[in-house]
There are 2 protein chains.
Amino acid sequence: MGKDSLTGDQYHHGNLRAALLDSALVVLTEKGVAGFSMREAARRAGVSQSAPKHHFGDARGLLAALATRAYRQLCDRLESLELAGLDARERVTCIAAEYVAFAGENRALFDLMWRMTQFDFTASELAEEKHRALLILDRSLRGEDAEPPAHDTDPALVPSYAVWSLVHGYTTLALEGAIDSSNPDPLNSDLLNTMLALLDVSGPPRKSFP
Amino acid sequence: MGKDSLTGDQYHHGNLRAALLDSALVVLTEKGVAGFSMREAARRAGVSQSAPKHHFGDARGLLAALATRAYRQLCDRLESLELAGLDARERVTCIAAEYVAFAGENRALFDLMWRMTQFDFTASELAEEKHRALLILDRSLRGEDAEPPAHDTDPALVPSYAVWSLVHGYTTLALEGAIDSSNPDPLNSDLLNTMLALLDVSGPPRKSFP
DNA sequence: CGAATCATCTGCTCACTGTCAAGATGATGG
DNA sequence: CCATCATCTTGACAGTGAGCAGATGATTCG
């Protein structure tokens, strides 16, 4: 377990960093990204308003750390899926369901994860975890023994990019009420699977891209 | 032209609403969604801090009006595309390119459009324009003479939902640096077209969804 | 053991924001 | 001509992120 572990032992003088991340998550979940307040997160952790500074620098730093932890959790969930014995299409269905489930269970967090460019462009650790998500998706799709992609624009990655785009696009569209605005809980796995069925996930792309 | 027209005639006592929308767009473009300030928008329009209240209620109202105008502009651009004589795949390519171009030319605005749930859940005019985007996409995809969808969950809409999800997902992923983080201008139409080629946009879906 | 050093946390201040209530200003219309 | 109404200004308030000086306490080192 890293320094972001959920349960703190000593508290008041101890692992404030993890405690702040926890209280920040509560505030974020209750108030949303727009209503988030670093002072309130500090208040709920029982410390002064400027205590977070030493651990996260500023508010963007706190949110970046929160988003990084969220990416790590998502990656862990995707990585721990049992995909042995499934064909490519079943694996995609499985991954997509987990992705959508994570977004539905952690809406405010999922929002934040895709809103970081407006807070911090240069969070390298965060970019790493984001990239890890792509690699996990690609490995799940093409199998453990397939050759890993040489670079971000490797043509072999195209099907993975397509799956990610489709699943991620559907998730955000649905959460923003663009799919079925009358439905309060719009994440519909059946619809997503029907759309995924229209996607050719097996073969390599026809031509490379620069 | 509606009341959101860009050029104001009388100004100081006249169409402040449009002037505020214009200055708000400038502030939004310069500072991004997180750095947006209603006071600064009022300042740039040459009026007092609480002048926007009468026209938009509060800050969320201003942003909602801005997002609504943006949806209208996007819809107009998609609607004015010349698609006659093209087959389904060419039409999709054309629409996708326009969608991505709009997002690239209006990044802050595009961000805002998909961040409204955290500002205002009940902007009916906005939801209308968002829905109009779907109908335009669907009509472009299935042709002018196809029967319009009966409801939001009409199975005939599935290919349109899939195209929208793929294109929208790719756009947001690319803008967030998830596709090729080293590329500062990541919107690559070739990659998008290659992904769209993997999608079966012609036939009806195999089975309906609830 | 004592003292210096360092990490951590507090208190205070500042500029800025969104929102509200009360009042000016000016156009419209009876 | 005057009342009414829409529009805009002024002045206030609580809340926020950020910076600075200093208290507190743990650690390390002479």
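Note: hydrogens, waters and symmetry copies are ignored here, and every other heavy atom, side chains too, is used. Reminder, nothing fancy here: chain letters follow the sequence lines and each chain counts from 1.
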Between P of C/dA7 and CG of A/N15, the distance in whole Å | 18 Å
Interatomic distance, B/M38 CE vs D/dC8 C1' [rounded to whole Å] | 14 Å
Choosing from D/dA18, C/dT10, C/dG18, which nucleotide comes nearest the side chain of B/A59?
-> C/dG18
What integer distance in Å separates A/H55:NE2 from C/dA7:P?
-> 12 Å
Can you tell me the distance, in whole Å, between the NZ atom of A/K31 and the P atom of D/dG15?
-> 11 Å
Counting only side-chain N and O atoms of A/K53, is one of them less than 4.0 Å from OP1 or OP2 of D/dA18?
-> no
With sequence neighbours excluded, tell me which residues meet salt bridge (charged side-chain N to carboxylate O under 4.0 Å, His left out) with B/E82.
-> none
side-chain N/O A/H54 vs C/dT10 OP1/OP2, d < 4.0 Å | no
Along nucleotides 11-16 of chain C, 5' to 3', which nucleotides get a B, which get an S, and which get a -, given that the test is a protein heavy-atom distance under 4.0 Å?
-> BBB---
Could you tell me which residues satisfy ring pair (Phe, Tyr, Trp, His ring centres under 6.0 Å) with B/Y71, sequence neighbours excluded, listed by chain and number?
-> B/W114
B/L134 versus B/Y161: any side-chain heavy-atom pair under 4.5 Å?
-> yes
Can you tell me how far C1' of D/dC20 sits from CG of A/D58, to the nearest Å?
-> 16 Å
Is any NZ, NE, NH1 or NH2 atom of the basic residue among B/R107 and B/D185 found under 4.0 Å from an Asp or Glu carboxylate oxygen of the other?
-> yes
Inter- and intrachain pairs under ring pair (Phe, Tyr, Trp, His ring centres under 6.0 Å), touching residues 50-70 of chain B, at least two apart = none
For atom CZ of B/R17 and atom P of D/dT7, their distance in whole Å | 11 Å
Output side-chain donor-acceptor pairs under 3.5 Å for residues 46-53 of chain A, partner residues at least two apart or in another chain, one line each.
residue, atom, partner, partner atom, Å
A/S48, OG, A/S50, N, 3.3
A/Q49, OE1, A/R39, NH2, 2.9

Roughly how many Å is it from CZ in A/F56 to C1' in D/dG19, rounded to a whole number?
-> 19 Å
Tell me, please, which residues at least two apart from B/T171 pass side-chain hydrogen bond (donor to acceptor under 3.5 Å, both in side chains).
-> none
Quickly work out the A/F36 CZ to D/dG17 C1' distance and round it to whole Å.
-> 11 Å
